[in-house]
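Data block below; observations after.
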Amino acid sequence: MRIAYKDISIKVIPFRFTDPQNELILFLHGFSGSSSDWIKVTELIDSKFNLAAIDLIGHGESSSPTDLSYYKVDSITDIIKTAVQVFQKDKVILCGYSMGGRAALNFAIRNMAIVKALILESSTAGIANENERHLRVKKDYELAQFILNHPVSEFADYWMNLDLFDSQTKLDRITLDEIRNTKLKNNPVGLANSLIGFGTGAMPVLINELKNLNTKTLLITGSLDPKFSEINKLMSELLPFSEHISIEGTGHNTHLENPNKFCEVLNSFLMKL
C-alpha cells in the first residue's frame, strides 16, 4: 500500500494485520535497504502483534524527491507518524536497523507519548565529537556524489564490501544476491539525498536526550561488530529503561545473519512489555 505525505508517496507493507486491537510493530530498514529486508523476521514474531514496514524516503518504492528538505529529520519523523496514523494506533513499537534505528530514536524522543517500546539494532545517537561529526558529513557528501556519478551497481558492490559487513561473507550466494538486488532497485537521487539529509553526521546529536527517554528500549548488536557494540553499551548506560543484547557470531546486520536468534531476543523483550 501507499500513503501520501505532502506531494510524495511512501510505500508501506502491512505484513500482518489480523486484529485492529493488536499492538503494532513498525519496522524501519537501514541505508540502501527496503521494507522487504524484514520478511524473514516478520515470519518469526509473536502472532499477537500486527506488523508493518516502511520504505523510507529515497528508498525502495517510495518517492525520491530532489528537494533535500524531505530527507531531514523533521520530515522523516512526520512520515513515520503518518504511517502510524494509517493504522489508527495511539501507541506503536518501533524496530529500526542502523539508519532506521536512528530514525526510530529521533521519532521516539519527539513523540514519547505514542511510542510504547523501541528496538534499536546496530544504531547510534549521533556523533558527539564535533570534528568527527564534520568529517562524517564530508565523507557522506563524497559518497553521495559517487552514487550520483556512477551506476548503482558500483555503489552496491562498494557498500557490500565495506569492512562493516565482513561477517556477511559467510552468507549463502542466494541471500547475498537478494541483498544486492534490493540495493540495485534504489534511486541514486534518493540514496544521495538520504546521506546528505540524514547521514550519521547530519542527524541531531541525541546523546544528552537519552536520559530523558522513558520508553522501554532494547539495543541489539552483533559480537563481531565491536564499534557498534561499544556505542550501544554506552547508550544503554544513559537510557533509563534499556537492555543491551549482543548476538554471538553476527556483525552489523544481526537480523539478516541470524534471524532466528534475533527474533528470539525480540520475542523475549516483547513478552515483558
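- Within the 4.5 Å cutoff, side-chain heavy atoms of Glu121 are placed close to those of Asn253.
- When the side chains of ILVMFWY residues are joined at heavy-atom separations under 4.5 Å, either directly or via intervening members, Leu135 and Met203 end up in two distinct hydrophobic clusters.
- Closest approach of Pro240 and Leu213 over heavy atoms only: CG-O, 3.2 Å.
- Here the side chain of Asn267 pairs a donor or acceptor atom with the backbone of Asp46 at under 3.5 angstrom.
- Taking the six-membered ring where the residue is Trp, Phe262 and Trp38 present tilted rings, their angle falling between 30° and 60°.
- Side-chain N or O atoms of Asn187 include none that pairs as donor or acceptor with a backbone N or O of Gly58 at under 3.5 Å.
- Of the possible donor and acceptor atoms, none in the side chain of Glu209 sits under 3.5 Å from a partner among the backbone N and O of Ile109.
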- request: Run the numbers on Met1 and Val86 for side-chain contact (heavy atoms from CB on, under 4.5 Å), then give the verdict.
  value: CA-CA 11 Å; Met1 63 184 289; Val86 163; 3.5 Å; yes
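- Partner of Val41 under the side chain to side chain contact (heavy atoms under 4.5 Å, CB included) criterion, out of Leu44, Asp37, Ile45: Ile45 alone.
- Each of Thr82, Thr77, Ile76 was scored for a side chain to side chain contact (heavy atoms under 4.5 Å, CB included) with Ile80, with one residue passing: Ile76.
- Using a 4.5 Å heavy-atom cutoff, the side chains of Arg110 and Lys81 are not in contact.
- If you check the side chains of Thr215 and Thr217, you find no donor sitting under 3.5 Å from an acceptor.
- Tracing side-chain contacts under 4.5 Å through hydrophobic residues (I, L, V, M, F, W, Y), one reaches Met112 starting from Leu239; they form part of the same cluster.
- Residues Phe269 and Tyr97 share a hydrophobic cluster, clusters being chains of Ile/Leu/Val/Met/Phe/Trp/Tyr side chains in contact below 4.5 Å.
- Phe17 and Phe87 have tilted rings, their planes meeting at an angle from 30° to 60° on a 0 to 90° scale.
- Among all heavy-atom pairs drawn from Gly30 and Ser98, the shortest one is CA-CB, 4.5 Å.
- Ring geometry, Phe31 versus Phe155: the interplanar angle exceeds 60°, so the pair is classed perpendicular (tilted spans 30 to 60°).
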task: Please test Thr18 against Lys48 for side-chain contact (heavy atoms from CB on, under 4.5 Å), starting from the C-alpha separation and ending with a verdict.
output: CA-CA 9 Å; Thr18 53; Lys48 70 179 181 180; over 6 Å; no
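- Using modelled atom types, one side-chain atom of Asp55 and one backbone atom of Ser35 make a donor-acceptor pair closer than 3.5 Å.
- Side-chain contact check for Ser62 versus Ile10: some heavy-atom pair is nearer than 4.5 Å.
- Contact check for Pro204 versus Asn106: side-chain heavy atoms found under the 4.5 Å cut-off.
- A salt bridge links Asp157 to Arg180: one of the charged nitrogens lies within less than 4.0 Å of a carboxylate oxygen.
- In this structure, the side chain of Thr169 engages the main chain of Asp166 through a donor-acceptor pair within 3.5 Å.
- For the residue pair Ser246/Ser223, the side-chain donor-acceptor check at 3.5 Å is not satisfied.
- With hydrogens and angles disregarded, a donor-acceptor distance shorter than 3.5 Å links the side chain of Ser122 to the backbone of His252.
- Residue Ser75 holds its OG atom at 4.5 Å from NZ of Lys6, rounded to the nearest 0.5 Å.
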- request: In sequence, state the C-alpha distance, the side-chain angles, and the governing distance for His29 and Leu56, and then conclude on side-chain contact (heavy atoms from CB on, under 4.5 Å).
  value: CA-CA 7 Å; His29 62 79; Leu56 290 167; 3.7 Å; yes
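- Using a distance-only test at 3.5 Å, with no hydrogens or angles considered, no donor-acceptor pair links the side chain of Ser268 to the main chain of Glu264.
- The number of heavy atoms from other shown groups lying within 6.0 Å of CG (Leu162) is above 12.
- Under a 4.0 Å N-O distance rule, the pair Lys261/Glu248 does not qualify as a salt bridge.
- Atoms OG and CG, on Ser167 and Leu256 in that order, are 8.5 Å from each other to the nearest 0.5 Å.
- The main-chain N or O of Ile247 is found under 3.5 Å from a side-chain atom of Thr250 such that the two form a donor-acceptor pair.
- Ionic pairing of Glu132 and Arg136 is not present here: no N-O contact between side-chain nitrogen and carboxylate oxygen is shorter than 4.0 angstrom.
- Considering CG of Leu206 and CZ of Arg102, their distance stands at 10.0 Å, rounded to 0.5 Å.
- The line from CG of Asn50 to CD1 of Ile93 is 10.5 Å long, rounded to the nearest 0.5 Å.
- At least one side-chain heavy atom of His59 sits less than 4.5 Å from a side-chain heavy atom of Leu191.
- Side chain of Tyr71 to backbone of Pro65: a donor-acceptor contact under 3.5 angstrom is found.
- Both Tyr158 and Leu195 belong to a single network of hydrophobic side chains, linked directly or stepwise wherever heavy atoms of I, L, V, M, F, W or Y lie under 4.5 Å apart.
- With hydrogens and angles ignored, the 3.5 Å screen pairs a side-chain donor or acceptor of Ser63 with a backbone N or O of Ser9.
- Summarising the geometry, atom CD belonging to Glu61 is positioned 5.5 Å from atom CZ belonging to Arg2; distances are rounded to the nearest 0.5 Å.
- Between the CE atom in Met99 and the CG atom in Leu28 there is a gap of 8.5 Å [rounded to 0.5 Å].
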message: Before you tell me yes or no, could you show the steps for Ser236 and Ser242 under side chain to side chain donor-acceptor pair (under 3.5 Å), namely the whole-Å CA-CA distance, both residues' side-chain angles and the distance that decides it to 0.1 Å?
response: CA-CA 6 Å; Ser236 183; Ser242 71; 3.2 Å; yes
- request: Start with the C-alpha gap between Met235 and His244, add the side-chain angles, then the distance that decides, and say whether side-chain contact (heavy atoms from CB on, under 4.5 Å) holds.
  value: CA-CA 9 Å; Met235 287 173 61; His244 174 211; over 6 Å; no
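- With hydrophobic clusters built from ILVMFWY side chains whose heavy atoms lie under 4.5 angstrom apart, Phe107 shares a cluster with Leu238.
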